[in-house]
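Side-chain atoms are counted along with the backbone in the values below, which use heavy atoms only and exclude waters and symmetry mates.
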Amino acid sequence: RPPFTADSKSSEIQVATSDAHHVMICLLVAAGAFAPAGRPTLQLRSAAVRPLSLRPQIRCAAAAVPLPEDGEAAASPPPASTDEGASFTTTTFNICKAALGAGVLSLPSGVARMGDVPAALWPASALVIGLGVISAYTFSLTARVCDANDAETLGSAWEKAIGKDSAWVVPSALAALCLGVCAAYGIILGDTFSALAQTAGATGFAATRHASILLSAAALLPLCSLKSLAALAPSSIIGVLGVFVSGGFLWRRWAQRAYAAGGAYALSIAPALRPSFGVSGMRPLFPSSLILISMVAVAYQAHFSAPACYSGLQDKSIEKFNKVTVVSFGIICAVTVAMMAVAFLTFGGASSGLILNNYATADAGAALSRLLMGFAVMGGYPLLFAVARDALSELFPALVAKRATVTRALLAVLTAIGLVVSDVGFIVSFIGAVLGSGCAPTPAAPPSRRARHRPTRPDPTSRAPPQDHLHLP
């Protein structure tokens with residue numbers, strides 16, 4: 001603590017905090033591939049490193065406590081103020097907001113790969129719940145790893161626990177994940193807005209998915225070029241609203257049997273999209289379940305927000321964060337299983353990669369769900385795009401000076417993928433197979449409790465050698 005002069009009355013402390021909102025749990029899991037032989041080493045006396053920060057720092061000033069005058073009795077220290085931060089309920093909502101999105105709407109097609117009979121829902125639901133439990137554990141583990149390494153981001157935790165030589169893995173995997181999700185978003189925009197165009201009466205090329213993708217790309221270019229994306233943050237709230245509205249709509253149409261034979265919309269959709277049950281029966285769980293597993297890995301991908309949620313939690317502690325995680329993933333699992341079940345029971349083996357594609361363009365409820373999800377994806381696309389671009393700039397610093405060129409090039413590649421690939425379920429399962437399945441759901445070694453405390457200065461009279469490294473079990 002710096003000394004104060006006799007006439008000092010106050011001082012001001014500047015506190016800098018950084019919020020890395022899109023850092024992945026998967027990166028520490030892969031540590032074994034880059035660490036030297038033996039157990040990974042946690043370095044607590046390493047030199048200061050620059051954490052991977054993808055958002056501007058926030059600075060705040062803390063009021064100082066005035067010192068007593070000469071001769072005055074020293075006042076008792078003020079009571080410790082409550083740590084300002086997000087409440088239990090707010091943090092729970094933020095975690096649900098990060099996980100629940102358009103990825104849930106692709107899961108019915110994953111169940112259809114396991115069979116076109118209602119019995120396929122039993123193993124599918126068991127897989128979704130089991131992977132939800134594992135994802136909840138690894139989500140909490142992300143916070144524990146950052147806490148043990150005294151780090152605000154997983155990028156910083158990686159450098160402290162593994163080393164700088166392999167730190168490139170963090171931005172590389174982050175860029176790959178975000179670009180993959182952006183490619184899936186492009187396909188969703190094409191399917192969503194083309195269906196809305198048909199609802200509005202458009203015909204010809206204007207009603208095709210290719211026209212919607214090109215128009216969306218034209219609208220996304222200025223959004224992705226913005227230097228500040230703060231105005232797009234509410235889009236995630238619209239996304240959560242869209243998921244719940246879509247869930248209610250899916251349940252109502254299933255309860256009404258509106259798309260079954262003789263239903264109100266049974267003849268309003270193409271024959272390939274009409275409900276199909278009992279044609280192929282139940283398929284072997286292996287390898288048919290692997291596609292669903294890959295899709296679920298993307299649907300549960302909220303681990304990039306774990307460091308920010310933990311650091312922003314009011315009166316934070318690992319025990320409290322564990323309770324938040326259990327409640328959050330309980331809600332996520334319940335919503336995911338419910339939406340997957342009612343959608344599959346409506347269309348069975350005909351469930352498409354984006355389940356909203358199965359519903360008639362004349363269906364007003366489907367149009368509302370498409371509109372909400374479309375706006376949510378339009379707002380979320382630039383956020384993920386910016387994270388991917390910043391991660392690439394972390395890998396290749398020369399790209400910082402060519403920001404506009406990089407933006408146009410990446411957007412052109414993603415648009416081309418959307419024009420060529422029409423099945424969003426394929427993209428989602430591919431991302432999950434390459435990144436998600438080996439990242440979020442894979443348990444990593446928990447950090448040692450000793451790692452939570454920095455080692456004290458060794459006693460010179462002690463015979464025990466000083467411990468500069470603590471190991472992860």
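- V145 has its side chain within reach of N149: a pair of non-hydrogen atoms, C-beta onward, lies under 4.5 Å apart.
- Under a 3.5 Å cut-off, the side chain of N358 and the backbone N or O of L273 do form a donor-acceptor pair.
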Worked verdict on L100 versus F244 for side-chain contact (heavy atoms from CB on, under 4.5 Å): CA-CA 9 Å; L100 292 174; F244 282 98; 4.2 Å; yes
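- Dense packing is recorded around CZ of R403, with more than 12 heavy atoms of other residues, nucleotides or ligands lying under 6.0 Å away.
- Residues A219 and L223 approach most closely at O-CG, 3.5 Å, considering heavy atoms.
- Counting heavy atoms from C-beta on, the side chains of L419 and L214 come closer than 4.5 Å.
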field: Steps toward side-chain contact (heavy atoms from CB on, under 4.5 Å) verdict (T208, S212)
entry: CA-CA 7 Å; T208 62; S212 297; over 6 Å; no
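- With hydrogens and angles disregarded, a donor-acceptor distance shorter than 3.5 Å links the side chain of S369 to the backbone of G365.
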- request: Go through the steps for Y300 and F139 under the test ring pair (Phe, Tyr, Trp, His ring centres under 6.0 Å), then give the verdict.
  value: CA-CA 10 Å; Y300 283 142; F139 187 87; over 10 Å; no
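- A302 and A99 get closest at one heavy-atom pair: CB-CB, 3.7 Å.
- Looking at V128 and C333, their side chains never come closer than 4.5 Å, going by heavy atoms from C-beta outward.
- What you find for G374 and L189 is that their closest heavy atoms are O-CD2, 3.8 Å.
- With hydrogens and angles disregarded, a donor-acceptor distance shorter than 3.5 Å links the side chain of D116 to the backbone of V279.
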query: side-chain contact (heavy atoms from CB on, under 4.5 Å) between F347 and Y359: does it pass, once the steps are laid out?
result: CA-CA 10 Å; F347 294 100; Y359 293 86; 3.4 Å; yes
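- In this pair, F277 and F344 present their aromatic rings perpendicular. The plane angle is above 60°, beyond the 30 to 60° band.
- Using modelled atom types, one side-chain atom of T138 and one backbone atom of S135 make a donor-acceptor pair closer than 3.5 Å.
- The OG1 atom of T192 lies 7.5 Å from the CE atom of M373; values are rounded to the nearest 0.5 Å.
- Here the side chain of S172 pairs a donor or acceptor atom with the backbone of W168 at under 3.5 angstrom.
- Rounding to the nearest 0.5 angstrom, the gap separating the CG atom in L368 from the OG atom in S246 is 8.0 Å.
- When only modelled atom types and interatomic distance are considered, S87 and T90 share a side-chain donor-acceptor pair under 3.5 Å.
- With contacts defined as side-chain heavy-atom distances shorter than 4.5 Å, the pair C178/L174 qualifies.
- Between K323 and F88 the shortest side-chain heavy-atom distance falls below 4.5 Å.
- In this structure, the separation between CD1 on I332 and CD1 on I95 is 7.0 Å, given to the nearest 0.5 Å.
- Taking OG of S106 as the start and CG of N357 as the end, the distance is 11.5 Å to the nearest 0.5 Å.
- The backbone N or O of T361 sits less than 3.5 Å from a side-chain atom of T199, completing a donor-acceptor pair.
- Residues S317 and K320 form a side-chain contact, since some pair of their non-hydrogen atoms from C-beta on lies under 4.5 Å apart.
- Taking both residues in full, the closest heavy atoms of R370 and L356 are given as NH2-O, 2.6 Å, listed atom of the first, atom of the second, then distance.
- One N or O on the side chain of S429 and one on the backbone of F426 form a donor-acceptor pair closer than 3.5 Å.
- The shortest distance between side-chain heavy atoms of F193 and M378 falls below 4.5 Å.
- When all heavy atoms are compared, the tightest approach of A206 to A197 is O-CB, 3.9 Å.
- Y259 and D363 form a side-chain donor-acceptor contact under 3.5 Å, judged by distance and modelled atom types alone.
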task: Just do the side-chain contact (heavy atoms from CB on, under 4.5 Å) check on Y381 and L411 with the steps written out, would you?
output: CA-CA 11 Å; Y381 190 112; L411 189 58; 3.5 Å; yes
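- Of the possible donor and acceptor atoms, none in the side chain of K97 sits under 3.5 Å from a partner among the backbone N and O of T92.
- Contact annotation: the side chain of R253 approaches that of Y265 to within less than 4.5 Å [non-hydrogen atoms, C-beta and beyond].
- A side-chain donor-acceptor contact under 3.5 Å links Q198 to the backbone of A207.
- To the nearest 0.5 Å, atom CZ of residue F321 and atom CG of residue D147 are 10.5 Å apart.
- Around atom CZ of F93, more than 12 heavy atoms belonging to other residues, nucleotides or ligands sit under 6.0 Å away.
- By the neighbour-count criterion of 12 heavy atoms within 6.0 Å, atom CZ of R274 is densely surrounded, having more than that number from other residues, nucleotides or ligands.
- In this structure, the side chain of K160 engages the main chain of D150 through a donor-acceptor pair within 3.5 Å.
- Shown here for I427 and G180, the closest heavy-atom pair between the two residues is CG2-O, 3.8 Å.
- Side-chain polar atoms of S422 and R209 form no donor-acceptor pair below 3.5 angstrom.
- Rounded to the nearest 0.5 Å, atoms OG1 (T346) and CZ (R257) are 9.5 Å apart.
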